[in-house]
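Counting starts at 1 for both ligands and their atoms, in listed order. Treat the numbers as computed from the prediction; the structure is a model and nothing was measured.
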Amino acid sequence: MQPTEDYLTVALPKGKLFGLAADLFAQIGYTAEGLSDKSRKLIISNDAKRIRFIVAKTADVPTYVEYGAADLGVIGKDVLVESRKDVYELLDLGFGKCHVMMAVPRTQKRARLADYAHTRVATKFPHIAEQFFSQYGMQMEYIKMNGSIELGPIVGLSESIVDIVETGTTLRENNLEEIAYIMDATARLIANRVSFKLKFDRINTMVQDLRQVLAAQANA
Ligand code: PRP
């Protein structure tokens, strides 16, 4: 192992955001041979550029960054808010656009949101959901799930779900209907608070380069 104090370590989430995030870093010159979320190799470095990428489970990215195991990370705003981690949010990367919402089975819609008070909500986002329902003075029972949330109401686990929607296909295919919008989300660049100070020049240069690429994409 080479000393890595002067490296920038970036945590990338496996899944939908991975390829887009890796492409974006490649556009500012940060490539790394073999960087893939399918690889079993979980740390991929570019020694010439003094950068290394960690391939992480999505929900763990804010944790790596909060503890300084990664200087930077790419993560959806939804997962970031849910994590309640103490990190800097540096940049909205624009991709991975989706929104968090509440949905119920089409055939079991109730007249008003308040009619769902004291029912069960299946969700990957219990904190976001609780914040939302508490605005309306609604107490709910939150059932934390890790995926395929749409199954909840179908198999009688819950009356509703709080989840992200991107294209709407999953809702449609499972006969669910959105009844309340909660928040928009896109991918964000986050930084560890200490790294941001200690490695300010490198991180700041990277942020400026990313801004340029994003602005050029927006104008294309
Ligand atoms: C997410 C989300 C929905 C789906 C929404 O799941 O939880 O299930 O995407 O996308 P759509 O509106 O385009 O259909 P993901 O694919 O991340 O997998 P998961 O269910 O295992 O969490």
Nearest-neighbour protein heavy atom for [atom], which is reported as residue plus atom name and distance:
atom                    : result
atom 14 (O) of ligand 1 : T170 OG1, 2.3 Å
atom 8 (O) of ligand 1  : E150 OE2, 2.7 Å
atom 5 (C) of ligand 1  : I164 O, 3.6 Å
atom 22 (O) of ligand 1 : K124 NZ, 2.5 Å
atom 13 (O) of ligand 1 : T167 OG1, 2.5 Å
atom 7 (O) of ligand 1  : D163 OD2, 2.6 Å

Can you tell whether the side chains of [X] and [Y] come within less than 4.0 Å, N to carboxylate O?
X    : Y    : result
E82  : K124 : no
R110 : E159 : no
E166 : K16  : yes
E89  : R188 : yes

Counting each atom of ligand 1 from 1 as listed, which ones have a heavy atom of [X] under 4.0 Å away?
X    : answer
V165 : 12 (O)
G147 : 19 (P), 20 (O), 21 (O), 22 (O)
T169 : 12 (O), 14 (O)
S148 : 19 (P), 20 (O), 21 (O)

| request: Go through the structure and list residues passing side chain to side chain contact (heavy atoms under 4.5 Å, CB included) with N174, not counting sequence neighbours. | output: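 With sequence neighbours excluded, N174 shows a side chain to side chain contact (heavy atoms under 4.5 Å, CB included) to E150, I154, T170, L176, given in chain and number order.
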| query | Taking only residues two or more places apart in sequence or in another chain, which ones pass ring-ring contact (aromatic ring centres under 6.0 Å, His included) with Y67? | reply |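 By the ring-ring contact (aromatic ring centres under 6.0 Å, His included) rule, Y67 matches no residue at all.
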| query | Taking all non-hydrogen atoms of both residues, which atom of Y181 and which atom of M101 are closest, and how far apart? | reply |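 Minimum heavy-atom contact is CA-CB, 4.3 Å.
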| Does the protein place any heavy atom closer than 4.0 Å to atom 16 (O) of ligand 1? |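 Answer yes: something from the protein, a heavy atom, is under 4.0 Å.
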| message | Any atom of ligand 1 sitting under 4.0 Å from a heavy atom of K16? | response |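 It does, in that a heavy atom of K16 comes within the 4.0 Å cut-off of ligand 1.
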| message | For Y88, does the six-membered ring have the charged nitrogen or CZ of R193 within the cation-pi criterion, i.e. under 6.0 angstrom from the centroid and within 45° of the normal? | response |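 Cation-pi check for R193 and Y88: passes.
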